[in-house]
Structures are given as C-alpha cells and as structure tokens.
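Have a look at the structure below before the remarks.
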Amino acid sequence: MEWVRAVHVIAVIAWMAGLLYLPRLFVYHAGSGADTVLSETFKIMERRLYRAIMTPAMVASWVLGLWLIAGGSVYFGEPWVWAKGTLVVALTGYHFWLGVLAKHFARDDNGHSARFFRWINEVPTVLMIGIVLLVIGKPGFGV
C-alpha cells in the first residue's frame, strides 16, 4: 500500500503543477492577441498540458486515492476525510473549468483579462493548503 500512496503523491504533484501552470499560460495568452504566432503557440501548450499531463494526473490521483480508501489506509468515517474530499471535488471542478477556459482560448473567444487569470491562479493554492492541513492534521472537528 505504501507504493500506492507514493504514486498517489506523485500524481497529485503533477496535477497541482498543471493547475498552477495553466492559468499562468492564460495570463500570457490573454496579452498575446488573437491570430498571432504567439497565440497559436499558447494554444498548443495549453492543450498538451491539459490533455497529456493534467487530466491523466487528475485521474491517477482520484483512482489511487480511492484505492487507498478501499484498501483501508484511510477510514472513510473520519470527518477530515470528508472535508478533504470536498476540497478535492472543488479542485476537480476547477480543473474542468480550466479546460473550458482553454477551449475558449482555442476558439479565440477569451473574454477575460490577464488580471482575471492572475487571480484565479490562487484558487488551487488555497485548496491545496486546505487539503495538506487536513491530511497532516487529521482534525476531528469536535466529533
């Protein structure tokens, strides 16, 4: 089970790297102007990052995390597990939302500023901090 946990952590790190990097690409893409060579380069980078790295890492994170739960490494009845699961679901929703934003860029249909993307780039950091604190601290929430 320790190998499963190790690969789970590796998958989470890869997923988080993508969740932090894709909005940064959006920041620069938003300032590049449509129908430019630079814009086309960003489209390729965004598509490859999302499809080849982020999504497989997200799937692996979920599968391996559920495997750890099914294998008894984590007791599903503990309140911190439910809180962590809620944050992971939020992170997953954020992942898919980034995919929608990437599709808008691919169609030269971005309606957001570079500043907007700088702000949303903080979302995965906040969620990650919450997840790590829950996993390490395992609070009982007064139960």
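Because the structure is a prediction, the values reported are computed rather than measured.
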Q: For Arg107, enumerate each residue passing the salt bridge (Lys or Arg N to Asp or Glu O under 4.0 Å) test, keeping only those at least two apart in sequence or located in another chain.
A: Asp109
Q.
My understanding is that only residues two or more places apart in sequence, or in another chain, count here; which of them pass salt bridge (Lys or Arg N to Asp or Glu O under 4.0 Å) with Arg47?
A. none
**Q.** Of all pairs that satisfy side-chain hydrogen bond (donor to acceptor under 3.5 Å, both in side chains), the ones with a partner from residues 83-93, not counting sequence neighbours
**A.** Trp62-Thr92
Q: Just jot down the side-chain contact (heavy atoms from CB on, under 4.5 Å) partners of Val12, sequence neighbours excluded, or say none.
A: His8, Met16, Ser61
**Q.** Min side-chain heavy-atom separation Ile53-Arg48 under 4.5 Å
**A.** no
Q. Would you say Val59 and Leu91 are hydrophobically clustered, going by side-chain heavy atoms of ILVMFWY under 4.5 Å?
A. yes
Q: Kindly write out the residues that satisfy side-chain contact (heavy atoms from CB on, under 4.5 Å) with Tyr94, not counting sequence neighbours, or none if the list is empty.
A: Leu19, Pro23, Trp97, Leu98, Ile120, Val123, Pro124
Q. Does Trp119 have any ring pair (Phe, Tyr, Trp, His ring centres under 6.0 Å) partners at least two apart in sequence or in another chain, and if so, which?
A. none
Q.
Checking one residue: Ile44. Which other hydrophobic residues are in its cluster under the side-chain 4.5 Å linking rule?
A. none
Q.
Other residues, nucleotides and ligands only: do more than 12 of their heavy atoms fall within 6.0 Å of CZ on Arg51?
A. no
Q. Tell me, which pairs form a salt bridge (charged side-chain N to carboxylate O under 4.0 Å, His left out) where one or both residues lie in residues 2-20, sequence neighbours left out?
A. Glu2-Arg5
(Q) Under the side-chain hydrogen bond (donor to acceptor under 3.5 Å, both in side chains) definition, can you give me all pairs with a residue in residues 34-44, not counting sequence neighbours? (A) His29-Ser39, Glu40-Lys43, Lys43-Asp108
Q) Got His95 and Trp15 here, is their nearest side-chain heavy-atom distance under 4.5 Å? A) yes
Q | Met1 reachable from Val135 in the ILVMFWY side-chain graph, under 4.5 Å edges | A | no
Q | Listed partners of Ala83 passing side-chain contact (heavy atoms from CB on, under 4.5 Å), at least two apart | A | Leu134, Phe141
(Q) Counting C-beta onward and ignoring hydrogens, is there a side-chain heavy-atom pair between Tyr28 and Met45 closer than 4.5 Å? (A) no
Q: Inspect the surroundings of OH in Tyr21 and state if more than 12 heavy atoms from other residues, nucleotides or ligands are less than 6.0 Å away.
A: no
Q) Can you pull the side-chain hydrogen bond (donor to acceptor under 3.5 Å, both in side chains) pairs that have at least one residue in residues 130-141, sequence neighbours excluded? A) none
**Q.** Any residue meeting side-chain contact (heavy atoms from CB on, under 4.5 Å) with Ala30, in chain and number order, not counting sequence neighbours
**A.** Phe105, Asn110, Ala114, Phe117
Q: Report yes if some heavy atom in the side chain of Val27 is under 4.5 Å from a heavy atom in the side chain of Asn121; otherwise report no.
A: no
